[in-house]
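Here is the structure we will look at.
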Amino acid sequence: LGIDLTPVLHSLGIPSNQQGRHRVLETFQSPWVETSRSEVEPRFFVPE
Amino acid sequence: TDQEKMSLVFTEWVKLLQRVPDDDISVVVFIRQMIEKGVLSSTEGMVKFTNAALELSVSSFKESDPTSDVFIATDAFSKLIVKLLILQEFTDMTRADYFKLMISVITMVISEDHGRMREGFNERPYFRLISSLLCEWECVSGHNFIKMGDQQCRSELVEFNFDFYNIIASFLHSTQPIAFPGFSFAWITLISHRMFLPKMLRLPEKAGWAKLVLLFTDLLKFMAQYTKKNDVPDAVSVVYKGALRIFLAVANDAPGFLVENHYELLNNLPHVYMQLRNIILSAIPKNLVVPNPYDPNLVIDDVIGCHDAPTVFYDPVQDLHALKKPVDNYLRIPSTSLQRAITTGIFKPEYQKDNGIGYDTVSVDTKLINAIVFHVGIEAALEKHKTTATAIFNTKSSYYTLLASLLNDGNSEVRFHVVQAIANQLRYPNAHTHWFNYVLKNFFFAEDWGSNKAEIQEIIVRTLLERIVTNKPHCWGAVVTFADLLKAPGASITTFQFIKDVPEVELIIKHL
Amino acid sequence: QYSAFQNPLFSPGLNYWLETKRTLIQPHDTMPSEMASQLESSLLNCPDSLDADTPSLHQDVLSMPHPTSIFFPNETIRLVSNDPIDISRNHPKHNDIYSGTSLARIMSKFDLDTLFFIFYHYQGSYEQFLSARELTIRGWQFNKVNRCWFYKEVEKLPPGMEQSEEISWRYFDYQKSWLARRCGAEFVYREEEFERI
């Protein structure tokens, strides 16, 4: 039957409504919550 | 020995990087000297150096105080690999072959470590190597390698970029969990890495999609192989949880990937993972607004999206094999002999174990059935586009009768898998969802099944119900189709015997 | 028979690699206990977000000399917060991949002084990038020529005047006074001088 995905989506930073939806794979810390205890540096670009 | 010499050179490199920033001139000079002195000028030298550097990185990790920075050598090696890719002139060997060689050596080192150490194998330094490699590459490749001063080099690197990710993807494919169980969790973390997955999803012209589907298939195959109905090892449950989060993230960021690849992904997804299946099938293209499927006044024919056929990345016609000709010929000019060829051609030579809900074995080629059903749907939508809707929304059309004959001539098992394959096409509002909704509705209410009617209706209800009693998400098409069955005039399905036989189901349906 | 297998360079790695193909071709029906222990060992060693973080081998000193306390922390902030994003800032341009991160959120609360400090003293870093992003969100623009941040102030004038608004420019003087100063009347805005962020 699966599970209620609301907390899972929340842990991913995906809001349950459609507002404020942004990409999450670029700041994805780890496939598991337990190993996602610190943020990771995403890609960025600094001009010369 | 050569090994010792290589280790010395690498150690000097590690020390250098700790003292100066990586764009310091001494870094360039160091690499130039490495090449000039012949450390890396032969294939043999490259292999030996890669071996030495990796073994040093791994042993340095193992020997470091866990509270200190354990990845200094590993990170230095990643940086060296990237520097070698951007600073060298590639005359004897292409950049791609050079990189492939290094990755091959890395693969062999992992293979030996994993094979020798068994449960003592530690995946972390290898994970870090690839992770840091991806980070370093991202840093140099920003804005199409704009930081490269030399224009020739820059354009070469822009061309090489796809090869870079492709080679990493091939490495991951060969180190998949079934082959390297001791690397599984690192592997899952790598395929979903922020410097890998979004990149692969967005390479121009979907260049990364084929390999990504392959990698996701590797993951799903592993889960399928070791998920038993009564006993799922704890570690496999954890794998599932990770896979779930990854697919949810993909559905959020790049639903188009799931939309266009649902067929291949589902071919390897165990039936028991109903929610994961729904997540893949519920993906909706970005910016598409979908009407509420629970709206009792909804009429699918009026939904605008149903005019358009969904984009398909992988053409299922490739999986029809011997049945391609009979199917395509039947669609043009139906005949009983072609029909028979198809309905008898869908069986496997022998039983195969399966972990279905309610069955343990399978004697039909489910992949072939999925291919046939999907192919017929694609062709039907094309036909509608070329001619009119009435050509396919017609129970006499060859598209419809092909599927109907599969049900008619088949046993329960065939019927079940055909209906499942049809239900897999009931997704967001599109031409496939629309047509298969028509097909399933007509199957349900048809009067010419004879004594098979009750069974066919039961299979249809079961197939739709199992997709909508789960926790969300639910596929728009599945909800709408089920609602259509409930709304239809005539006897309510709650009066059907197979519903009344199972009070829990009766209750659910009454509630719906 | 293949020459690669005779080559001592690839031994024994290549043989071990070949062994791994065995389970791919003939997967086990149920997980053998050895595989199960390997899988569990992998679970125990599972890399975490710190393992996946961007490497930084050489710790940069401050890009510009500036007196700092010896207690100034050297480590980058790596918090996690799943608080909902402030929707009032939900302009499409600002709803980018950084908007959900703790660091970007913290910077949205920093005052201008702090943002300029980070920008000029941590050059080439992710933190500099985020401070530039935040300054851009607040309407500042970066001049590539003199390397100063500029702000355009638009003042609505009372009705009845010749013009409906008065425009004045400010820039942040990072070299001398460490203050925002008004630009003189001779200042001319040239779009090509400014970084498109």
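Naming convention: chains lettered A, B, ... in sequence-line order (proteins, then strands); numbering from 1 in each chain. Remember, predicted model here, so these are calculated numbers, not experimental data.
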Heavy-atom proximity to chain A below 4.5 Å, by part of [X]:
X	answer
M274(B)	neither
L197(B)	side chain
V272(B)	neither
I191(B)	neither

Scored by heavy-atom pairs under 4.5 Å with chain B, the best of V46(A), V33(A), L1(A), L25(A) is L25(A)
Less than 3.5 Å apart and able to act as donor and acceptor by atom type: which atom pairs between chain A and chain B qualify?
unit_1 : atom_1 : unit_2  : atom_2 : d
L1(A)  : O      : N471(B) : N      : 2.9
L1(A)  : O      : N471(B) : ND2    : 3.3
G2(A)  : O      : N471(B) : ND2    : 3.2
I3(A)  : N      : Q275(B) : OE1    : 2.9
I3(A)  : O      : Q275(B) : NE2    : 2.7
S11(A) : O      : R245(B) : NH2    : 3.4
S11(A) : OG     : R245(B) : NE     : 3.3
S11(A) : OG     : R245(B) : NH2    : 3.1
R21(A) : NH2    : N252(B) : O      : 3.1
H22(A) : O      : N252(B) : ND2    : 3.0
V24(A) : N      : D253(B) : OD1    : 2.8
V24(A) : N      : D253(B) : OD2    : 3.0
L25(A) : N      : D253(B) : OD2    : 2.7
E26(A) : OE2    : R202(B) : NH1    : 2.9
E26(A) : OE2    : R202(B) : NH2    : 3.1
S30(A) : O      : R245(B) : NH1    : 3.0
P31(A) : O      : R245(B) : NH1    : 2.9
W32(A) : NE1    : V238(B) : O      : 2.7
E41(A) : O      : R194(B) : NE     : 2.8
E41(A) : O      : R194(B) : NH2    : 3.2

With sequence neighbours excluded, what pairs up with [X] under the ring-ring contact (aromatic ring centres under 6.0 Å, His included) test?
X	value
F482(B)	none
F28(A)	none
F127(B)	none

Could you have a look at L276(B), L248(B), V469(B) and say which one has the most heavy-atom pairs with chain A under 4.5 angstrom? L248(B)
Are L5(A) and L244(B) close enough that some pair of their side-chain heavy atoms sits under 4.5 Å apart? yes
Closest non-hydrogen atom pair between I14(A) and A249(B), with its separation: CD1-CA, 4.4 Å
